[in-house]
Number of protein chains: 2
Amino acid sequence: MPFTQRSEETRNAILAAARRRFADDGYERATIRAIAADAGIDPSMVMRYYGSKEGLFAAAVDVVLGLPDLRGLPAGRRGEVLVRHFLTLWEGDRASGVLTVLLRSAVTNEAAAERMRTIFATQVGAVIGPAADDGPTRAALIASQLLGVALCRYVLRLPEIAALDADALVASVAPTVQHYLGDPLDSAG
Amino acid sequence: MPFTQRSEETRNAILAAARRRFADDGYERATIRAIAADAGIDPSMVMRYYGSKEGLFAAAVDVVLGLPDLRGLPAGRRGEVLVRHFLTLWEGDRASGVLTVLLRSAVTNEAAAERMRTIFATQVGAVIGPAADDGPTRAALIASQLLGVALCRYVLRLPEIAALDADALVASVAPTVQHYLGDPLDSAG
DNA sequence: AGTGTAGGCCAACGGGTGTTGGCAATAACT
DNA sequence: AGTTATTGCCAACACCCGTTGGCCTACACT
């Protein structure tokens, strides 16, 4: 029952194929049969190692964002650092596809949505700073802008957003995040 | 073949049920059988009136945003007006569900994504103003923020965003849109 | 070298899907 | 009133899904 090292290669192949399929097709259209075919093994192997399609999904999106600690930075540059880190994360995600999996699936699958909520509640909320009582609201506003960028750039592929190079996108979006980080929330920034 | 008024009630019931199902479950999990059951008719009627599941979907999301003309407004208030209109649109959408349908499906369905792209290219792009050559980029940045809000508030239901009342949300997001509308794109607004 | 256990495949089950053709009833038109 | 065409339902087709159990194979351990 506790799987040995002998099958590790197979299990990793399943995970990699699952991430690609989930990312490309979303939870519902990604089939275990197709994932197994990509991994070059039998569909029943997926069941043996991950129990069910949901179990496979949970294993495929087991991830941490690894957000930077903003407290050491000059206040004026935190927005830029946060946006750049977020974009770098997504650019690097093209190989594994974990983040795309999460966002795509969270839209149709309630379990994935719950996972995304807790990720942002814990990780983003913690980085923003536990100080002010409107911290959670600020974190959520930042999430709305960053997720909106990810949605338009990596999922919907809106040409104008997808075509921008990372530097220009950081320069455009950083002031917004900077505003959500510190300015009074109803000011005309 | 050209359907008469006699079946109009049925066709409308199908459309209403389809919008709810597509909005709640997304394109893939929404089944014609369930939609037909909600509408109180036989699944084959859906095929007769809309040809296929894709045809039904196309009919269900046939919509225009009806965005306001910003040119007559004082420059400083355009962001607020745009955000408020967008939010009002989504709040009113709870009944029909067209916008939720579109966003939810665009994430997993390529045809829906294309439809969303053209909607924003034509309608939002036109409102922003055909003047500057970076107009499309500005429109796309606005789309990223507004779609991000819709995603977090109406689809993912991030508590901090979903709990805000409309006025507070407008006050928080309007400066961002205002910035994308007019300020130099790399300024720390 | 013999034995147990994990790896892997095959075949199948039960259920749900979009879609189709035919048949009864009912409304509309001449 | 008689004919026609539209409405609606029923039953079925063909396909694909997630999942299961049984059967060889080959490694690992004593």
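Within every chain, numbering begins at 1; the chains are lettered A, B, ... in the order of the sequence lines, protein sequences first and strands thereafter.
In this structure, CE of A:Met47 is placed 17 Å from C1' of C:dG7, rounded to the nearest angstrom. Protein atom CD of A:Glu28 is 15 Å distant from nucleotide atom C1' of D:dC16, rounded to whole Å. The distance from atom CZ of B:Phe57 to atom P of C:dG18 is 14 Å, rounded to the nearest whole Å. Straight-line distance from the CD1 atom of B:Ile32 to the C1' atom of D:dC13: 16 Å, rounded to whole Å. The CD1 atom of A:Ile35 sits 17 Å away from the P atom of D:dC16 (whole-angstrom rounding). In this structure, B:Gln5 places its CD atom 10 Å from P of C:dC29, rounding to the nearest Å. Counting to the nearest Å, the P atom of C:dG8 and the CD atom of A:Glu8 are 12 Å from each other. Separating the CE atom of A:Met45 from the C1' atom of D:dT25 is a distance of 12 Å, rounded to the nearest angstrom.
Taking 4.0 angstrom as the limit, B:Tyr49 places a side-chain polar atom (N or O) nearer than this to OP1 or OP2 of D:dG8. Between C:dG8 and A:Thr10, a contact under 4.0 Å exists linking OP1 or OP2 to a side-chain N or O. Checking the phosphate oxygens (OP1, OP2) of C:dA6, no side-chain nitrogen or oxygen of A:Ser7 falls inside 4.0 Å. When the side-chain nitrogen and oxygen atoms of A:Thr31 are compared with OP1 and OP2 of D:dC17, one or more of them lie within a distance under 4.0 Å.
Two residues, A:Asp42 and A:Arg33, neighbour DNA chain C, and the one matched to the more 5' nucleotide by heavy-atom proximity is A:Asp42. Nearer to the 5' terminus of DNA chain C, by closest-nucleotide assignment, is the contact made by B:Ala30 (compared with the other of B:Arg6 and B:Ala30).
At least one donor-acceptor pair closer than 3.5 Å links the side chain of B:Arg153 to the backbone N or O of B:Leu164.
Residue-level contact check: B:Ala36 touches neither bases nor backbone, having no heavy atom under 4.0 Å from any strand. Residue contacts for B:Ser52: at a heavy-atom cut-off of 4.0 Å it reaches the sugar-phosphate backbone alone, with no base atom in range.
Comparing C:dT19, D:dT6, D:dC10 by their nearest atom to the side chain of B:Ser44 picks out D:dC10. Comparing C:dC9, D:dC9, C:dG18 against the side chain of A:Arg48 picks out C:dC9 as the nearest.
Inter-residue side-chain proximity for A:Thr31 and A:Asp25 is flagged as unmet; no heavy-atom pair is nearer than 4.5 Å. A:Tyr180 is listed as a side-chain neighbour of B:Val173, based on a closest heavy-atom distance under 4.5 Å.
The 12-atom threshold is not exceeded at CZ of B:Arg20, counting heavy atoms of other residues, nucleotides or ligands nearer than 6.0 Å.
From B:Leu102, atom CG reaches atom OH of B:Tyr27 across 13.5 Å, with rounding to the nearest 0.5 Å.
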